[in-house]
Amino acid sequence: MGRKRGIAPHMFRFNLPAPVVVLGLAGWLPQALCLVLVVHGGDWQWSAKAAGCFYAALILSFLGGLWWMAGLLARVQSAGLYGVAVLPSLAAWAALLPWTEGWHWPGPSLVVLGLLLLASPLVDRRLARTMPAHLPLPDGWLRLRVWMATGLGLLTLALAAT
């Protein structure tokens, strides 16, 4: 018999400590809960959408901090990486600003945050190519980052669409 088609088993092998994988993928749960509450409707609908927006902004900002620290550990001297590492926090802040002014929110902000989360592994991939040999990214990290970012980004976009 031939091999079953579909998702290859190696896509689920991250070669990372189990807590890193489990807790990393558990990062989808708050956004999934927010989406369920919004779809269900009721008294929690707006609060859940706002909470999802704040969560996406928080995680995006966290990613910038990871990139900043990776640059420091790799002894990167150029400003490029540090400039990119600051952008997620600035984008998250800007995405939350409309709320303070009562503009149409959080739908458009969720779209921006979802797209930025989906694109974030591109920075990790670039970082992996530029890291010195004495400080490589762990095997499986990029694959896990794609899974984490894709899940959270798509959930954030789904939240924006509801």
Side-chain angles (χ1 to χ4, degrees), residues 5-17 19-40 45-71 74 76 80-99 103-131 136-162:
R5 293 185 182 246
I7 297 176
H10 76 277
M11 291 183 70
F12 296 106
R13 290 194 198 121
F14 299 108
N15 298 324
L16 296 167
V20 171
V21 175
V22 171
L23 293 172
L25 293 175
W28 295 352
L29 294 176
Q31 206 71 327
L33 176 61
C34 289
L35 183 59
V36 167
L37 289 171
V38 168
V39 169
H40 181 267
Q45 190 172 17
W46 192 90
S47 295
K49 194 170 247 192
C53 190
F54 278 91
Y55 183 69
L58 177 73
I59 295 301
L60 192 62
S61 187
F62 175 78
L63 291 174
L66 287 176
W67 299 332
W68 184 281
M69 183 54 68
V76 172
L81 172 63
Y82 301 110
V84 168
V86 170
L87 290 178
S89 294
L90 295 174
W93 174 73
L96 298 176
L97 278 180
W99 183 51
W103 297 346
H104 182 66
W105 185 88
S109 295
L110 283 163
V111 170
V112 170
L113 292 168
L115 292 174
L116 289 172
L117 286 165
L118 283 171
S120 66
L122 297 173
V123 176
D124 292 272
R125 191 166 296 145
R126 173 82 172 157
L127 189 60
R129 284 196 305 259
T130 60
M131 290 295 269
L137 292 176
D139 288 338
W141 174 246
L142 291 177
R143 184 177 300 123
L144 180 59
R145 275 286 297 123
V146 168
W147 277 93
M148 290 187 301
T150 301
L152 187 55
L154 291 176
L155 284 167
T156 301
L157 291 174
L159 198 55
T162 57

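This chain uses plain numbering: 1 for the first residue, then up along the sequence.
Expressed to the nearest 0.5 Å, how far CG of Leu113 lies from CG of Leu118 amounts to 11.0 Å. How far CH2 of Trp28 is from CD1 of Ile59: 13.5 Å, rounded to the nearest 0.5 Å. Rounded to the nearest 0.5 Å, atoms CG (Leu116) and CG (Leu122) are 11.0 Å apart. Separation of atoms OG (Ser61) and CG (Leu87) is listed at 11.5 Å; rounding is to 0.5 Å. Between the CG atom of Leu144 and the CG atom of Asn15 there is a distance of 11.0 Å, given to the nearest 0.5 Å. With rounding to the nearest 0.5 Å, the separation of OH in Tyr55 from CG in Leu155 is 10.0 Å.
Annotation for Pro121 and Arg145: closest pair N-NH2, 3.6 Å, computed over non-hydrogen atoms. For the pair Trp67 and Leu81, the tightest heavy-atom approach, listed with the atom from each and the gap, is O-CD2, 3.9 Å. Annotation for Cys53 and Leu110: closest pair CA-CD2, 3.5 Å, computed over non-hydrogen atoms. When every heavy atom of Ser120 is checked against every heavy atom of Leu63, the shortest pair comes out as OG-CD1, 3.6 Å. The nearest pair of heavy atoms linking Ala92 to Ala57 is CB-O, 3.4 Å. Shortest non-hydrogen contact noted between Ala48 and Val38 is CB-CG2, 3.8 Å.
The side chain to side chain donor-acceptor pair (under 3.5 Å) test applied to Thr162 returns no partner, not counting sequence neighbours.
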- Derivation and outcome, side-chain contact (heavy atoms from CB on, under 4.5 Å), residues Leu25 and Met148: CA-CA 6 Å; Leu25 293 175; Met148 290 187 301; 4.1 Å; yes

- Might you work through the side-chain contact (heavy atoms from CB on, under 4.5 Å) test for Tyr82 and Val76, ending with a clear yes or no? CA-CA 9 Å; Tyr82 301 110; Val76 172; 3.8 Å; yes

- Item | Audit row: Leu127, Val84, side-chain contact (heavy atoms from CB on, under 4.5 Å) steps and yes/no | CA-CA 11 Å; Leu127 189 60; Val84 168; over 6 Å; no

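No more than 12 heavy-atom neighbours from other residues, nucleotides or ligands sit within 6.0 angstrom of CH2 on Trp93.
Under the 3.5 Å distance criterion, the side-chain polar atoms of Thr156 are left unmatched by any main-chain donor or acceptor of Gly114.
Taking 4.5 Å as the limit, some side-chain heavy atom of Ser109 sits within range of a side-chain heavy atom of Pro98.
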